[in-house]
Amino acid sequence: MAAYVSTLNFPTHAVSPPKRAVNGHSNHTNHTADRLQIVNDEKQFTSDLSDQISSWGLRDVGFDYNLVAVFGSQSTGKSTLLNRLFGTNFDVMDESKRQQTTKGIWMCRGHDMNVLVMDVEGTDGRERGEDQDFERKSALFSLASSEVLIVNLWEHQVGLYQGANMGLLKTVFEVNLGLFGKKSQESSNQRTLLLFVIRDHIGATPLANLQATLTADLHRIWDTLSKPAELQDRKLTDYFDLSFTALPHKILASDRFESDVRTLRGRFTDKSRDDFVFKPAYHKRIPADGVAFYMEGIWEQVQTNKDLDLPTQQELLAQFRCDEISTNALVEFNDQSKSQKRPIEAGKVIDGLGEMMRSWRSQALSRYDREASRYHQGVYKRKRADLVGTLDSTLSPLFLGQLKNLHKAALVSFKSATVAGLKVEGYNFADVVGKARASAEARFSDGAQEAVVTEGDASWQWEEELRLLREEIQSIADQLRKDETKKMVNAIERNFKKQIAEPVDLQLSRPTPEIWDNVLRTYTDTLADSEYSYLSKARSFDCTDEENDQAVATLRQRAWAALRAKIDEQTVDTAILTKLRSYFEERFRYDEQGVPRVWKPDDDIDGAFKKAKDVTLELISLYAKIVPQDPELAYTPPEDGEDDTPGLVVFSETKALELGARFRREADAHYIEAKRSTVVGIAQIPYWIYGMLVVLGWNEAMLILFNPLYFALVLILAASAWITIQLNLAGPLMHVGGSIALEVKRQAENRLREHFAEPLRAQAHAAMEEDDDAREPERRIPQPF
């Protein structure tokens, strides 16, 4: 069957190259004598084939090359035949030892011809014994990649099933048809030449009879193949051409052997012959520079095909027994592992879990090794690897669950230890977090190391979980640090407010031109102390410079906001008007010594009023904006990216004008009151009037003094007054008297209202009677329904 595959997916890299052979016994010294082991006996494809083709000078020949391979039993002279036909230098068997010579698959360029020759390891060798895997794969590879496959066999092997490798050919045909049959049908170059070379032909049986026997055997095994559904009607001749030749005995008829070999060589070199073997129909149409990748792709498909892995009877027995032993070992193992599954799923950390898992695993493997190690070693090792995989896949969830539970427990212990440490008076944040972190990580690491079943195995790595734990611990520590930093900033802010409250109130209550200098000086000094207090405490928090800068910026913003809040509190309308009024009164109603002024008609009230008012009005502009007189105290408020950040303006010009107008009205009231006090002083009764009253009332006074009745009445009134004053009854008596007077007044008003309301009610009553008389005729008229 042809093996040309136009759409193979070749691997992008090759396996490690096999060790190249040393040319030690070739008569050729040019580049055609180099040979290369393209597949070693470990089934690894070389990565040097492309370079070797270049060194053979075939990289740039395009399609002007051919590829031939040899197939047959071990020690049938395959390498000798190739060396005779193509001038190659493959190793040949030492006939005195009769042992395997060719191992793996070798390639060499034919001497003075563009032919790539493959020498394939022989079949049925005692070195490999029952292991036929490489035989099947190498035969399939040779069949699929070459244009001409030389099948080398002894005359006496014709007619034998195993001796002629018919069983092997059947397997190879069947797998080749499944792998490459459909693609070969789609390709125009789908044929391969099978050239049977019958060795040691003595002539007793004619070549035609041998040819008929081999052809019948090939058609018989082809008909018994298990073909794909779409290829059921395909025949052997659809994929292969058959050709037969015979060679005499190499030693007993050496002359005839050499002559027939030369004749056979002509079929490979002389294109004019009708039986020339390298016909265009057999060429795979792969350029020479792509042969290495093409063949590597074929070997990759052959190597990964499981249909070639047919076990021997010994392997079949080993598979059955090893599976049975493995199952029995797993039963006890599963019973042991189930006991810890539920606690792990419930989130519990199991003490000594690693020791238990290692013990379960060791017991299961020991039981398997004890009973299965007596069977086929390849099967035993393969099944043991499967058992190890099953054991580990069962233990892995327990291990991962233990890691998750350790992770959670470590986080809980870290949080609780950190919170408890932060409650201690005078704690150092960095020390508290450091100790809690070290304790949590140590707890996790100890538990994880104990839970490891196999050291050095990637399946039992816990470092990634430790990394995640550290990230979460760091995240929690960062959040705690932020919270504690925020608390510290809040505490410093409260302390700042307390420190500036009284000095700012005092400065704003006693306005002077240096009011803002004093306020800003107090603010900057207090803020500097607050920043120093924060930075001193922040060292124990292990904060970064960026975090410290951000916290200090926040503190400055809050400090400025606190100062502005205090200033705004002292400069609201009522407060500022009170300050202006007090300032005005101190300068208008009191003199320079602080003595209250009693205005006299000849005092300069207008001048004093104007001076006090002008000085007071200047305070409005002073309060309106925070502008110190000392340039060194000039301050720029911190920016926080918000539009409502309080600046240096306390109140706007519009509000300043409004405050000025309201103050003027209050000041004018004081001015009018002062003017009235002078008028009252001018309107006082002259002193000589009191003398006139004494002279004119002298007789009446004497009458009272010398009249016993009047005199007794005066004494009684005077005594009553003295007793009332001594007993502090003046107030209650005045209150009672006032109440009586009010009641008398109220009663009098009610009586007067009733007296004047009588005529009005009479008039209203008369008017109503006249109105009723006017409506009486209307009442007598019947009303319609």
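A donor-acceptor contact shorter than 3.5 Å links the side chain of Asn328 to the backbone of Glu324. In terms of modelled atom types and a separation under 3.5 Å, the side chain of Glu155 and the main chain of Ile202 share a donor-acceptor contact. In this structure, Arg35 contributes its side chain and Asn89 its backbone to a donor-acceptor pair below 3.5 Å. At least one donor-acceptor pair closer than 3.5 Å links the side chain of Arg109 to the backbone N or O of Met113. A donor-acceptor pair under 3.5 Å is formed between the side chain of Trp222 and the backbone N or O of Arg234. Ser393 contributes a side-chain N or O that, together with a main-chain N or O of Thr390, makes up a donor-acceptor pair within less than 3.5 Å. At distances below 3.5 Å, at least one donor-acceptor pair connects side-chain atoms of Asp238 with backbone N or O atoms of Lys235. At distances below 3.5 Å, not a single donor-acceptor pair connects side-chain atoms of Arg191 with backbone N or O atoms of Glu147. Put simply, the side chain of Ser146 gets close to the backbone of Ser142: a donor and an acceptor are under 3.5 Å apart.
At least one side-chain heavy atom of Thr46 sits under 4.5 Å from a side-chain heavy atom of Leu36. Counting heavy atoms from C-beta outward, Trp56 and Leu116 have side chains that approach closer than 4.5 Å. For the pair Trp360/Glu332, no side-chain contact is recorded, criterion being any heavy-atom separation below 4.5 Å from C-beta on. Taking the side chain as every heavy atom from C-beta outward, Leu236 and Ile221 never approach each other to under 4.5 Å. Taking 4.5 Å as the limit, every side-chain heavy atom of Leu194 sits out of range of all side-chain heavy atoms of Asp241. Counting heavy atoms from C-beta outward, Gln44 and Val39 have side chains that stay 4.5 Å or more apart. You'll find the side chain of Asp323 reaches within 4.5 Å of the side chain of Lys383, heavy atoms only. With a 4.5 Å cut-off on side-chain heavy atoms, Phe257 and Ile251 do not count as touching.
Screening Lys271, Lys279, Arg273 for a salt bridge (charged side-chain N to carboxylate O under 4.0 Å, His left out) involving Asp275 leaves a single residue, Arg273.
Ser326 and Arg384 form no side-chain donor-acceptor contact under 3.5 Å, judged by distance and modelled atom types alone. When only modelled atom types and interatomic distance are considered, Asn66 and Tyr282 share no side-chain donor-acceptor pair under 3.5 Å. Remark: the Asn152 side chain and the Arg199 side chain contain an N/O donor-acceptor pair separated by less than 3.5 Å. With no hydrogens or angles considered, no side-chain donor-acceptor pair links Asp48 and Gln52 at under 3.5 Å.
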From CA spacing to verdict: side-chain hydrogen bond (donor to acceptor under 3.5 Å, both in side chains), Lys284, Thr192: CA-CA 9 Å; Lys284 307 305 179 186; Thr192 299; 3.3 Å; yes

List the steps, then state whether side-chain contact (heavy atoms from CB on, under 4.5 Å) holds for Trp460 with Leu403. CA-CA 10 Å; Trp460 307 100; Leu403 291 185; over 6 Å; no

Any chance you could lay out the side-chain contact (heavy atoms from CB on, under 4.5 Å) test for Ile198 and Leu207, step after step, and finish with the verdict? CA-CA 9 Å; Ile198 303 173; Leu207 178 61; 3.9 Å; yes

Using the ring pair (Phe, Tyr, Trp, His ring centres under 6.0 Å) rule, take Trp106 and Phe90 through it: C-alpha gap first, then chi angles, then the decisive distance, then the call. CA-CA 8 Å; Trp106 291 77; Phe90 296 115; 7.7 Å; no

Can you list the steps and then say if Asn334 with Thr394 is a side-chain contact (heavy atoms from CB on, under 4.5 Å)? CA-CA 8 Å; Asn334 289 332; Thr394 303; 4.2 Å; yes

Going through the distances and angles, do Leu214 and Val151 end up as a side-chain contact (heavy atoms from CB on, under 4.5 Å)? CA-CA 11 Å; Leu214 289 172; Val151 182; over 6 Å; no

What do the steps show when you test Ser243 against Arg267 for side-chain hydrogen bond (donor to acceptor under 3.5 Å, both in side chains), and what is the final call? CA-CA 11 Å; Ser243 181; Arg267 296 184 62 181; 3.0 Å; yes

Are Tyr368 and Tyr380 close enough, and set up right, to give a ring pair (Phe, Tyr, Trp, His ring centres under 6.0 Å), and what steps lead you there? CA-CA 9 Å; Tyr368 175 83; Tyr380 156 72; 5.6 Å; yes

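The pair Glu258-Arg84 meets the salt-bridge criterion, since a charged nitrogen lies less than 4.0 angstrom from a carboxylate oxygen. Salt-bridge formation is not detected for the pair Arg220/Asp223: no Lys NZ or Arg NE/NH1/NH2 atom is positioned less than 4.0 Å from an Asp or Glu carboxylate oxygen. Salt bridge absent: Lys250 and Asp200 never bring a charged side-chain N and a carboxylate O closer than 4.0 Å. Under the 4.0 Å criterion applied to side-chain N and carboxylate O atoms, Arg59 and Asp289 are not assigned as salt-bridge partners. Ion pairing between Lys78 and Asp119 fails under the 4.0 Å rule for side-chain N and carboxylate O.
Separation of atoms CG (Asn40) and CZ (Phe45) is listed at 11.0 Å; rounding is to 0.5 Å. Rounding to the nearest 0.5 angstrom, the gap separating the CZ atom in Phe141 from the CH2 atom in Trp299 is 7.0 Å. Put simply, CD1 on Ile298 and CG on Leu140 are 9.0 Å apart, with the number rounded to the nearest 0.5 Å. Atoms CZ and OG1, from Phe86 and Thr269 in turn, are 9.5 Å apart once rounded to the nearest 0.5 Å. In this structure, the separation between CD on Glu465 and CG on Leu400 is 8.0 Å, given to the nearest 0.5 Å. Rounding to the nearest 0.5 Å places OG of Ser254 at 10.5 Å from NE2 of His249.
In terms of heavy-atom proximity, Met107 sits nearest to Ile38 at CB-CG2, 3.9 Å. For the residue pair Leu85 and Val261, the shortest heavy atom distance occurs at CD2-O, 3.6 Å. Contact detail for Ala139 and Phe71: the closest heavy-atom pair is CB-CE1, 3.5 Å. Annotation for Ile53 and Ala292: closest pair CD1-N, 4.3 Å, computed over non-hydrogen atoms. When all heavy atoms of Arg361 and Val388 are compared, the closest pair comes out as NH2-CG1, 3.2 Å. Across all non-hydrogen atoms, the minimal contact from Arg358 to Ala451 is NH1-C, 4.5 Å.
Ring geometry for Phe196 versus Phe244: interplanar angle under 30°, hence parallel rather than tilted (30 to 60°). Relative ring orientation between Phe276 and Phe278 is described as perpendicular, the plane-to-plane angle rising above 60° on a 0-90° scale split at 30° and 60°.
No more than 12 heavy atoms of other residues, nucleotides or ligands shown are found within 6.0 angstrom of CZ on Arg256.
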